[in-house]
Structure formats: C-alpha cells, structure tokens
There are 2 protein chains.
Amino acid sequence: MPDTSQNEQKSEQPRRRQARGERRIAQLLSAAASVFCSTGYTAASTNAIAREAGVSPGTLYQFFPNKEAIAIELGDRLMHEMRDTYGEALAPVDPATPLEEAVGAAVDRFIDFNCAHPVFFALMHGPDVPGRMAEEHDALHATLLSRIEGLLSSYLTDAPPAELNRTAHMVLGIYKAGLELVLAHEGAEREAFVAELKNALIRYLRPLAEARGLTTTPAP
Amino acid sequence: MPDTSQNEQKSEQPRRRQARGERRIAQLLSAAASVFCSTGYTAASTNAIAREAGVSPGTLYQFFPNKEAIAIELGDRLMHEMRDTYGEALAPVDPATPLEEAVGAAVDRFIDFNCAHPVFFALMHGPDVPGRMAEEHDALHATLLSRIEGLLSSYLTDAPPAELNRTAHMVLGIYKAGLELVLAHEGAEREAFVAELKNALIRYLRPLAEARGLTTTPAP
DNA sequence: CCAGAATGCGAGCGACCACTCGTATTTGTC
DNA sequence: GACAAATACGAGTGGTCGCTCGCATTCTGG
C-alpha cells in the first residue's frame with residue numbers, strides 16, 4: 001500500500017512555519033538571551049525563558065526540541081551576525097600597518113560586538129556548557145586562535161610555530177580578561193578600560209615585533 | 001574582613017568531635033575538592049561527594065549543614081594555607097627591587113599554589129557560586145586588588161588613584177588569564193606559559209614604571 | 001562495663017526542572 | 001464557511017538533587 005501522506009524524513013522535515021511562528025522564535029531567543037545573560041546557561045530554566053517571553057512552556061517546545069537547541073540556535077545566529085558585521089576584523093592585514101593600528105581596530109570591533117551582545121560572552125565564558133555547546137565553544141576558540149596566529153604571523157615572521165601558538169593563546173587570554181573588565185564598567189570608565197586593554201596588548205606584542213626588525217610607529 | 005573563627009549562632013553547642021570525625025571531614029573535603037574540580041560547584045551533587053569519599057549521604061550531613069558549607073570550609077582552609085605559605089608574596093616590596101624580580105617572584109608563588117590546589121581556581125573562577133560563596137569571592141578579589149595596588153604604588157609613585165586601580169584590575173585579569181593557560185598545560189609547555197605570563201605582566205608594567213617621576217598624560 | 005554521645009547508614013521526602021500531551025484557538029487555503 | 005495545519009496552553013510526568021530521619025554501630029568518660 002503506497003504511503004504517500006507520511007514519508008519518514010527523519011533528517012529533514014520542512015515544517016511549514018507561519019509569520020507568527022518566526023516572530024515567536026525571535027521573541028523566545030531574545031528572552032533566552034536575557035535569561036542566559038543574567039543567570040548563565042545551566043541555571044536558566046526553560047520555564048523562566050518562556051515566562052520572560054510571555055508564553056507557556058508548551059509553546060517554547062513547539063519551536064525548540066530541548067533547552068540546548070535554544071542556546072545552539074542563539075549561538076549560531078550570533079556567529080552569523082558576527083561574520084556578517086566583523087568578518088574582516090581579524091583578516092590578515094597589510095604588514096605595513098602599524099601594530100598599534102591593527103590591535104586598536106581589532107579590539108574596537110570585537111569590543112563593540114560583545115557590548116552589543118553580552119550573551120555571547122556569557123555563553124562562551126561560562127564553564128557550565130553541556131554536550132554540543134562545548135563543541136561550538138571549542139570550535140570558536142580554535143577559529144579565533146588561528147585567526148590571531150594569522151594576524152601575528154605578519155608581525156612575527158620567523159617565530160617558531162610553538163611560540164606563535166603560545167603568543168596567540170596569551171593574546172586571546174588578555175583580550176578575554178579585558179573584555180570582562182570592559183563589560184563590568186560603563187561610560188567613561190569603560191572607555192578607559194578599552195584603552196588599557198589596547199595598551200596591554202600592544203606592550204605585550206611590540207617587543208616581539210621589534211625583535212624581528214619590523215616597523216612600528218613610535219609613540220606620537 | 002571580620003574573623004569568624006567562633007560561631008555566633010543562637011545556641012553555642014560545641015559538638016565534641018572524635019578523631020574519626022576529623023578524619024571524615026578531611027576525607028569529605030578532599031572528595032569535594034575532587035568533584036568540584038571536575039564538575040564545578042553547582043553541578044557537583046552531595047551524593048557524588050559522599051560516594052567519592054566512600055560514605056553515605058547521611059554521614060556527609062553529620063559534619064556539614066548543607067552543600068554550601070562544604071565549599072565555604074574548603075575555601076577557608078585553602079585561604080588559611082595560602083596565608084601561611086605565601087602570606088608575603090604580595091607584601092610591599094623594596095622599591096629598589098627590579099620590577100622583573102618582583103613580578104617573577106609573585107607569579108611563581110601564586111602559580112605554585114594554584115597548581116597545588118586547582119580547586120581554588122575552580123571555586124574562584126566559576127560564575128556559578130551562590131550566596132555566601134560570592135561574598136568570599138568578592139572579598140578575596142578586593143584583597144588581591146588592594147595588595148596589587150600596594151605593590152604597584154612602589155613603582156608608579158605619582159599615578160592618580162583611578163589609574164592605579166585600573167592597572168591593578170588589568171594586572172589581576174592578565175594573571176587569571178595566564179593561570180588558566182598554565183593549568184591547561186603540563187611539563188615544559190606549562191613552564192613556557194609561566195614565562196609568557198611573566199613577560200606579559202612585565203611588558204605591561206615596565207613603561208609605567210619607567211615613566212615615574214615624569215609628567216603623567218595630560219588630562220583632557 | 002555501661003550509659004550516652006558521636007558516628008554511620010540509606011531509603012525516602014519535598015522541591016524543582018526539562019519536557020509531554022490532550023485540548024483549545026488561530027491562521028492559511030479551497 | 002470548511003477543513004487542516006500551525007500555534008498556544010498549562011497541568012502533569014518522570015527524574016534528579018539537597019537534605020532528613022529513624023535506627024544501628026562505635027567510641028569515650030566515669
């Protein structure tokens with residue numbers, strides 16, 4: 001007997017979505033961002049997310065199979081927006097660009113993004129991420145590291161790979177530490193911490209760049 | 001920070017403790033350290049701690065009123081040992097001491113302690129600490145900051161207080177970032193990251209120290 | 001040696017959480 | 001308007017976790 005009405009497509013089920021549904025999804029993701037941001041992933045309850053979005057728990061599960069899928073989708077959308085808006089922030093740069101300029105531009109772009117989307121920091125910094133979230137976390141971390149290595153290789157032309165990797169780790173660590181300080185302050189103080197972060201990175205990197213005989217701008 | 005060596009509870013009941021009990025407490029704290037270290041505080045279940053210690057859940061609650069008290073006691077003992085062993089690590093130093101030496105000594109001492117007691121980092125770094133743990137966290141943070149400020153004031157004699165505070169925040173942030181990298185590696189790589197952390201801190205601070213006595217950046 | 005205190009046990013209680021299900025309402029299409 | 005699919009609801013389900021309680025066992029002072 002030909003079963004035309006029910007075709008088992010376990011991998012892809014093109015569920016017809018109405019405009020109302022898309023709106024709900026955006027609403028739920030926004031609510032989830034808010035809750036994740038204030039309590040972290042594990043401590044955030046799906047009921048709290050639904051309440052924040054003004055819907056019932058059942059409605060939430062109409063659009064997401066489980067709690068993790070919410071964070072995954074949120075992370076994917078943030079990554080996508082980050083690529084769209086700041087995709088070139090860490091692209092290999094003209095070696096003639098002064099180190100100060102390259103660091104300053106990269107820091108400004110990433111700080112802007114993280115300030116506009118504090119959830120990103122919350123999701124990527126918390127050690128309380130289960131299963132697939134951890135994979136995404138590691139993937140982003142690896143991506144950032146290799147991008148930083150690419151940037152650094154313009155300035156540290158003949159450093160051994162192990163040293164380059166260590167320096168990239170340290171640069172990312174310093175950035176994360178600075179980001180935490182920046183997010184913890186506002187207004188003029190925030191700006192001061194941004195400048196301090198740039199200083200820390202530039203002072204850390206300049207001796208390495210100078211040792212390779214590359215041009216850096218002297219302090220004006 | 002007030003010394004809470006004696007219980008100020010409503011009824012002073014000095015429960016007589018046998019040697020067996022003291023042994024159990026140490027056993028339970030060691031098990032808790034292990035579990036906290038691998039899963040974090042919130043994800044750690046009291047049953048898992050009891051199982052790790054080879055006792056029943058009821059026995060655990062014979063010695064600790066609740067889960068938080070385990071972490072508190074663990075933190076207190078670690079703090080005590082830290083004060084005993086490394087109390088002078090951040091004491092004000094002779095201004096004649098070279099910056100490199102002061103930073104290197106302080107980093108070595110703290111890295112040693114944190115490597116010997118990885119729970120300390122796990123408890124102090126996780127954002128998943130409830131109620132009274134957060135207070136201890138903040139208290140330690142403030143103590144470290146003021147100690148760092150004290151140290152820095154030997155080298156930045158005429159920096160405005162706000163700048164001194166910002167620099168101390170940044171130094172602590174860089175240290176924490178470096179500690180994370182150090183704990184994530186072993187052997188020769190670990191040593192390399194320790195050296196890298198010292199480099200980062202020294203390069204960040206040296207320009208400030210060299211500028212002492214000179215006019216600070218003009219105020220806007 | 002023997003009361004009583006300290007220690008030890010583990011099934012179980014209440015609370016909370018991720019998630020489900022039967023049902024009611026809205027929306028798109030003919 | 002009719003019909004089905006999509007959306008919405010919220011009490012309920014199973015499971016986990018922090019913690020308790022009654023009772024057995026071991027230690028200690030007199």
Side-chain angles (χ1 to χ4, degrees), chain A residues 4-7 9 12-32 35-36 38-74 128-133, chain B residues 7 11-32 35-36 38-74 126 128-133:
Chain A
T4 54
S5 62
Q6 294 269 346
N7 201 352
Q9 304 170 313
E12 188 76 20
Q13 189 152 6
R15 185 185 181 94
R16 257 193 55 202
R17 200 127 261 168
Q18 302 182 350
R20 189 174 29 144
E22 297 292 348
R23 249 181 288 127
R24 275 273 177 268
I25 289 180
Q27 199 174 10
L28 284 164
L29 287 177
S30 166
V35 177
F36 287 159
S38 60
T39 72
Y41 174 77
T42 35
S45 83
T46 55
N47 289 13
I49 296 174
R51 201 181 320 120
E52 174 84 13
V55 303
S56 85
T59 297
L60 186 153
Y61 283 92
Q62 186 80 22
F63 302 101
F64 298 98
N66 51 52
K67 177 179 170 181
E68 188 176 17
I70 305 173
I72 298 284
E73 178 67 21
L74 194 54
D128 58 342
V129 280
R132 221 165 91 62
M133 281 293 297
Chain B
N7 246 344
S11 67
E12 182 89 11
Q13 194 153 2
R15 187 178 178 95
R16 245 182 56 91
R17 203 124 259 170
Q18 301 180 354
R20 190 172 29 143
E22 298 291 349
R23 248 181 288 128
R24 276 273 177 268
I25 290 180
Q27 200 176 7
L28 284 165
L29 286 178
S30 166
V35 177
F36 287 158
S38 60
T39 71
Y41 174 77
T42 36
S45 84
T46 56
N47 289 12
I49 295 175
R51 200 179 323 118
E52 174 85 12
V55 302
S56 87
T59 297
L60 188 152
Y61 283 93
Q62 185 79 21
F63 301 101
F64 298 99
N66 52 51
K67 177 179 170 181
E68 189 176 15
I70 305 174
I72 299 283
E73 178 67 21
L74 194 55
D128 59 341
V129 278
R132 220 164 90 62
M133 279 294 296

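In the text below, chain A, chain B and the rest are named by the order of the sequence lines, each starting its count at 1. These values consider heavy atoms only, across backbone and side chains, with no hydrogens, waters or symmetry-generated copies.
- Here the P atom of nucleotide D:dA8 and the CZ atom of A:Arg51 are 18 Å apart, to the nearest Å.
- Rounded to an integer number of Å, the gap from A:Phe36 CZ to C:dA18 C1' is 12 Å.
- A:Glu68 places its CD atom 16 Å from the C1' atom of C:dC17, with the value rounded to the nearest Å.
- Going from atom CZ of A:Arg16 over to atom P of D:dT7 covers 9 Å, rounded to whole Å.
- Within residues 18-29 of chain B, the residues having any heavy atom closer than 4.0 Å to DNA chain C are, in order of number, B:Gln18, B:Arg20, B:Gly21, B:Arg24.
- DNA chain D is contacted by B:Ala44, B:Ser45 of residues 38-45 of chain B, taking any non-hydrogen atom closer than 4.0 Å.
- Applying the salt bridge (Lys or Arg N to Asp or Glu O under 4.0 Å) test to every pair with at least one member in residues 46-73 of chain A, sequence neighbours left out, gives these pairs: A:Glu73-A:Arg77.
- Between B:Phe63 atom CZ and D:dT20 atom P the separation is 15 Å, expressed in whole Å.
- Distances from the side chain of A:Asn66 to the nucleotides D:dG18, C:dT7, C:dC19 place C:dC19 closest.
- Atom CG of A:Leu28 sits about 11.0 Å away from atom OH of A:Tyr61, to the nearest 0.5 Å.
- For B:Thr39, the side-chain contact (heavy atoms from CB on, under 4.5 Å) test picks out B:Val35, B:Ala43, B:Ala44, with sequence neighbours left out.
- By the side-chain contact (heavy atoms from CB on, under 4.5 Å) test, B:Ser30 is found to be paired with no residue, residues two or more places apart in sequence or in another chain being considered.
- With sequence neighbours left out, B:Phe64 forms a ring-ring contact (aromatic ring centres under 6.0 Å, His included) with no residue at all.
- Listed here is the closest heavy atom pair of B:Ile70 and B:Ile49: CD1-CD1, 4.4 Å.
- Phosphate contact (OP1/OP2 of C:dT20, side-chain N/O of A:Tyr61, threshold under 4.0 Å): absent.
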Just by protein heavy atoms under 4.0 Å, how would nucleotides 10-15 of chain D read 5' to 3' in B, S and -? B-----
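- Applying the side-chain hydrogen bond (donor to acceptor under 3.5 Å, both in side chains) rule to A:Glu22 yields no partners; only residues at least two apart in sequence or on another chain are considered.
- With rounding to whole Å, A:Phe64 atom CZ is found 12 Å from D:dT7 atom P.
- B:Gln27 meets the side-chain hydrogen bond (donor to acceptor under 3.5 Å, both in side chains) test with B:Arg24; sequence neighbours excluded.
- Regarding contacts with the backbone of D:dC17, every side-chain N or O of B:Thr46 stays at 4.0 angstrom or more from both OP1 and OP2.
- Not counting sequence neighbours, B:Arg17 has no partner by the salt bridge (charged side-chain N to carboxylate O under 4.0 Å, His left out) test.
- Applying the side-chain hydrogen bond (donor to acceptor under 3.5 Å, both in side chains) rule to B:Ser56 yields the partners B:Thr59; only residues at least two apart in sequence or on another chain are considered.
- Whole-Å rounding puts the B:Arg17 CZ to D:dC27 C1' distance at 14 Å.
- For A:Ser45, the side-chain contact (heavy atoms from CB on, under 4.5 Å) partners two or more places apart in sequence, or in a different chain, are A:Asn47, A:Ala48.
- Rounded to a whole Å, the CD atom of A:Gln62 is 16 Å from the P atom of C:dT25.
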